[in-house]
Amino acid sequence: MPPTKTGTHYHNGTELRAVSDDLDDALSTVASEGSVVFLGLVIELGISFLAKLVIARVLGPLEYGVVSLGVTTMVVVSTLVLGGLDIGVARFLPRFEDASDRRGVLIAAFGIALPIAVAAGGVVVAFAPAIATKLFRDPAVIPVLRVFGPIIPVAALLKLDVGVSQGLEAARPKVLIRNIILPITRFVAIAVVIVAGLGAVGVAWAYGVAYFCAATVGLFIVARETSLFDRTISPTPYKRRLVAFSLPLVISAAMTFIFSDVDTFMLGYFSPTADVGTYNTVYPLAHLLVVPMSSVGFIVMPVLSRLHERGDTDTMATLYQRTTKWIFLGAFPIFGLLVCFPTELIGLTFGSAYTHGATALLVLSLAFFTHAIAGPNLDCLTAIGKTRLVMLDDLIVALLNMGLNLLLIPRLSFLGAAIATAVAYGTLNVLYTTQLYRATGMHPLSKSLGTIALGATLLLITVVGTLGWLLTAPYRELLLTVFLFGGGYLVFCLRVGIDERELELLDGVDQRFDTNLRDRVEWFART
């Protein structure tokens with residue numbers, strides 16, 4: 001009798017071995033490519049963080065606030081005009097093998113998004129005085145907006161380049177253009193304009209140079225790795241199908257802007273520009289918690305999409321729980337330091353002028369940590385095609401977030417914005433996770449994750465509590481916590497958090513980076 005499969009339940013040894021092989025292949029892809037993304041994100045965040053630190057310290061809260069408003073405008077508009085097409089490309093490419101199909105997807109995405117992005121950039125330039133005076137109530141933002149307007153189509157092109165890399169399940173192109181070329185070029189350009197004394201407008205031009213360089217290299221890689229410009233291949237028309245998938249993401253992107261970036265705009269309207277600068281120093285610190293999620297999520301979405309196309313929901317469910325555990329392992333030590341030492345971390349990085357934002361940092365840390373607890377739920381919903389459901393969730397949370405911002409920012413300034421963001425992210429992750437479970441039966445929780453969470457929390461409380469009782473110097477306490485908790489957490493993870501199957505995944509990382517990481521990890525765990 002041939003092997004049978006009912007839903008996701010397999011009925012003979014051959015099929016069970018096939019499921020195990022599929023899981024090993026999926027985990028190996030996520031681990032090896034995710035490690036590349038993680039390394040790239042560490043490089044990008046290090047350089048970008050240093051650049052923000054220089055800008056914040058040299059320009060001060062007021063001019064840093066002006067730059068932050070310009071950057072936020074550029075990022076928001078370039079994301080909205082894409083309408084989710086970059087995500088659509090990332091989802092559809094792994095589903096096709098034929099060159100005609102793939103070229104059809106690419107032509108549809110680039111042909112729709114770029115003309116709209118050019119028009120949107122022109123609108124920002126033309127209406128810069130109205131945006132600056134009516135929305136931000138600060139005429140100093142006008143020249144910065146006129147610089148960032150033309151950057152909008154370039155930023156949209158860069159996002160499409162990254163979407164193609166994601167769809168090809170290849171991390172290196174994304175890391176090269178998004179995590180290396182962009183931040184390094186931006187940092188060098190910012191250093192030049194700072195030395196030249198060009199102020200906020202000069203920093204805006206530095207962003208433009210960086211985005212142009214990164215987008216150009218990205219387009220070259222797309223041309224080399226795909227058939228986008230190969231006129232000998234007739235593209236299959238996928239415009240309608242791609243737009244049908246991505247269109248709900250237009251609303252979703254708009255809603256995402258509301259609950260992630262509208263706080264900056266509302267701060268610019270209700271509060272002094274200096275408060276915008278303070279908020280945009282604590283925000284990137286808290287955003288470090290997203291690094292593990294971004295590392296895994298970039299590659300897990302197309303892998304899940306490929307598995308979903310084959311109907312392999314068992315492998316999808318296991319992959320979801322495993323990646324959630326990995327995300328938690330990476331995020332928890334960052335979360336612990338941010339929660340225990342918010343004032344000290346702000347003072348060590350951006351300076352004492354911003355330490356009054358410590359409470360906002362604490363609240364934002366709680367907001368972003370919900371991602372680690374919930375895992376890549378959005379990537380799972382996107383992979384199975386539930387973009388309309390995502391749109392509805394985002395709409396509900398965006399309205400909640402906007403209402404909270406309107407209520408809290410006039411009273412609490414940037415602290416009110418942080419509280420609104422925390423409530424929004426918590427609610428959104430509850431919705432995503434609940435609806436993913438209802439649609440597929442998948443959930444992020446596992447016995448291993450519970451053991452790790454309990455052990456890591458007890459370890460952190462023990463170390464911080466003991467040092468707090470013994471020491472009175474907070475910066476010394478921070479330094480010793482990094483060493484003692486960091487070392488203890490590493491030992492704990494190697495002995496409790498990683499199993500034999502995950503150790504085998506290090507073989508892929510060793511091959512990728514030409515290291516012997518697995519041997520060292522196994523030796524350390526035995527020792």
Side-chain angles (χ1 to χ4, degrees), residues 38 42 45 282-293 295-296 321-349 355-375 415 418-419 421-423 425-426 429-430 433 443-499 502 521 524-525 527:
F38 177 76
V42 170
L45 285 172
V282 299
Y283 196 95
L285 283 171
H287 205 257
L288 292 173
L289 289 163
V290 181
V291 174
M293 170 70 77
S295 302
V296 172
Q321 289 189 343
R322 293 267 183 165
T323 52
T324 300
K325 185 181 76 171
W326 298 348
I327 292 166
F328 183 91
L329 285 172
F332 185 82
I334 304 172
F335 174 72
L337 292 177
L338 290 173
V339 169
C340 295
F341 303 98
T343 303
E344 292 77 16
L345 289 172
I346 295 173
L348 283 174
T349 53
T355 53
H356 59 287
T359 305
L361 174 59
L362 178 62
V363 174
L364 287 172
S365 299
L366 293 171
F368 290 121
F369 191 61
T370 59
H371 282 305
I373 298 172
L415 178 58
I419 294 172
T421 298
V423 174
Y425 271 94
N429 275 287
V430 169
T433 304
H443 61 83
L445 303 179
S446 63
K447 182 179 179 180
S448 177
L449 177 61
T451 302
I452 293 168
L454 178 61
T457 302
L458 292 176
L459 177 62
L460 178 65
I461 292 173
T462 301
V463 171
V464 174
T466 303
L467 291 177
W469 179 66
L470 294 174
L471 302 175
T472 57
Y475 287 100
R476 185 179 299 175
E477 182 183 347
L478 168 60
L479 181 62
L480 287 175
T481 299
V482 170
F483 282 103
L484 295 178
F485 172 70
Y489 185 74
L490 179 60
V491 173
F492 174 77
C493 290
L494 292 177
R495 292 189 175 274
V496 178
I498 299 177
D499 58 29
E502 289 166 336
V521 169
F524 191 84
T527 304

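In what follows, every heavy atom counts, from backbone to side chain, and hydrogens, waters and symmetry copies are set aside. All figures in this text were calculated on a predicted structure; none of them were measured in a lab.
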Peer 1: Apply side chain to side chain contact (heavy atoms under 4.5 Å, CB included) to Thr359 and list each qualifying residue two or more places apart in sequence or on a separate chain.
Peer 2: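 Listed in chain order: Leu415.
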Peer 1: Looking at Pro444 and Ala374, what are the two nearest heavy atoms and their distance?
Peer 2: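 Closest approach of Pro444 to Ala374: CB-O, 3.4 Å.
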Peer 1: Atom CZ in Arg322, atom OG in Ser446: separation rounded to 0.5 Å?
Peer 2: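 So the gap between those two atoms works out to 8.5 Å.
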Peer 1: For Ala286, enumerate each residue passing the side chain to side chain contact (heavy atoms under 4.5 Å, CB included) test, keeping only those at least two apart in sequence or located in another chain.
Peer 2: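 Ala286 satisfies side chain to side chain contact (heavy atoms under 4.5 Å, CB included) with Leu361, Leu364, Ser365, Phe368 only.
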Peer 1: For Met293 versus Ile327, what's the shortest heavy-atom pair and its separation?
Peer 2: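 The answer is SD-CD1, 3.8 Å.
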Peer 1: What are the two closest non-hydrogen atoms of Pro292 and Gly330, and how far apart are they?
Peer 2: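 Nearest pair, atom of Pro292 first, then Gly330: CG-C, 3.6 Å.
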Peer 1: When rounded to the nearest 0.5 angstrom, what is the spacing between CZ in Phe328 and OG1 in Thr323?
Peer 2: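 Between Phe328 CZ and Thr323 OG1, I get 14.0 Å after rounding to 0.5 Å.
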Peer 1: How many angstroms lie between NZ in Lys325 and CG in Leu449, if you round to the nearest 0.5 Å?
Peer 2: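 It comes to 8.5 Å.
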Peer 1: Of all residues at least two apart in sequence or in a different chain, which pass the side chain to side chain contact (heavy atoms under 4.5 Å, CB included) check with Ala358?
Peer 2: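 Expected list: Pro342, Thr343, Ile346.
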Peer 1: If every non-hydrogen atom of Glu344 is compared with every non-hydrogen atom of Pro474, which pair is closest and at what distance?
Peer 2: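 Between these two residues, the closest heavy atoms are OE2-CB, 3.2 Å.
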Peer 1: Anything under 3.5 Å between a donor and an acceptor, one on a side chain of residues 478-493, the other on a protein residue two or more places apart or in another chain? List them.
Peer 2:
{"unit_1": "Thr481", "atom_1": "OG1", "unit_2": "Glu477", "atom_2": "O", "d": "2.7"}
{"unit_1": "Tyr489", "atom_1": "OH", "unit_2": "Leu329", "atom_2": "O", "d": "2.7"}

Peer 1: So, taking the atom named CG in Leu348 and the one named CG in Leu285, what distance separates them when rounded to the nearest 0.5 Å?
Peer 2: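 Rounded to the nearest 0.5 Å, the CG-CG separation comes out at 10.5 Å.
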Peer 1: Determine the sole option in Leu289, Asn429, Thr433 for which the side chain to side chain contact (heavy atoms under 4.5 Å, CB included) test with Thr370 is passed.
Peer 2: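 The passing option is Asn429.
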Peer 1: Could you walk me through whether Leu362 and Leu338 satisfy the side chain to side chain contact (heavy atoms under 4.5 Å, CB included) test, starting with their C-alpha distance in whole Å, then the side-chain angles of each, then the deciding distance to 0.1 Å, before giving a yes or no?
Peer 2: CA-CA 7 Å; Leu362 178 62; Leu338 290 173; over 6 Å; no
Peer 1: Distance-only criterion, 3.5 Å: show the donor-acceptor pairs between side-chain atoms of residues 452-462 and protein atoms not counting sequence neighbours.
Peer 2:
{"unit_1": "Thr457", "atom_1": "OG1", "unit_2": "Ala453", "atom_2": "O", "d": "2.7"}
{"unit_1": "Thr462", "atom_1": "OG1", "unit_2": "Leu458", "atom_2": "O", "d": "2.8"}

Peer 1: Under the side chain to side chain donor-acceptor pair (under 3.5 Å) rule, collect the residues that match up with Thr349, sequence neighbours excluded.
Peer 2: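 Checked Thr349 against side chain to side chain donor-acceptor pair (under 3.5 Å); zero matches.
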Peer 1: Fit a plane to each ring of His287 and Tyr283, take the angle between them on a 0 to 90° scale, and name the class: parallel (under 30°), tilted (30 to 60°) or perpendicular (over 60°).
Peer 2: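 It falls in the parallel class, under 30°.
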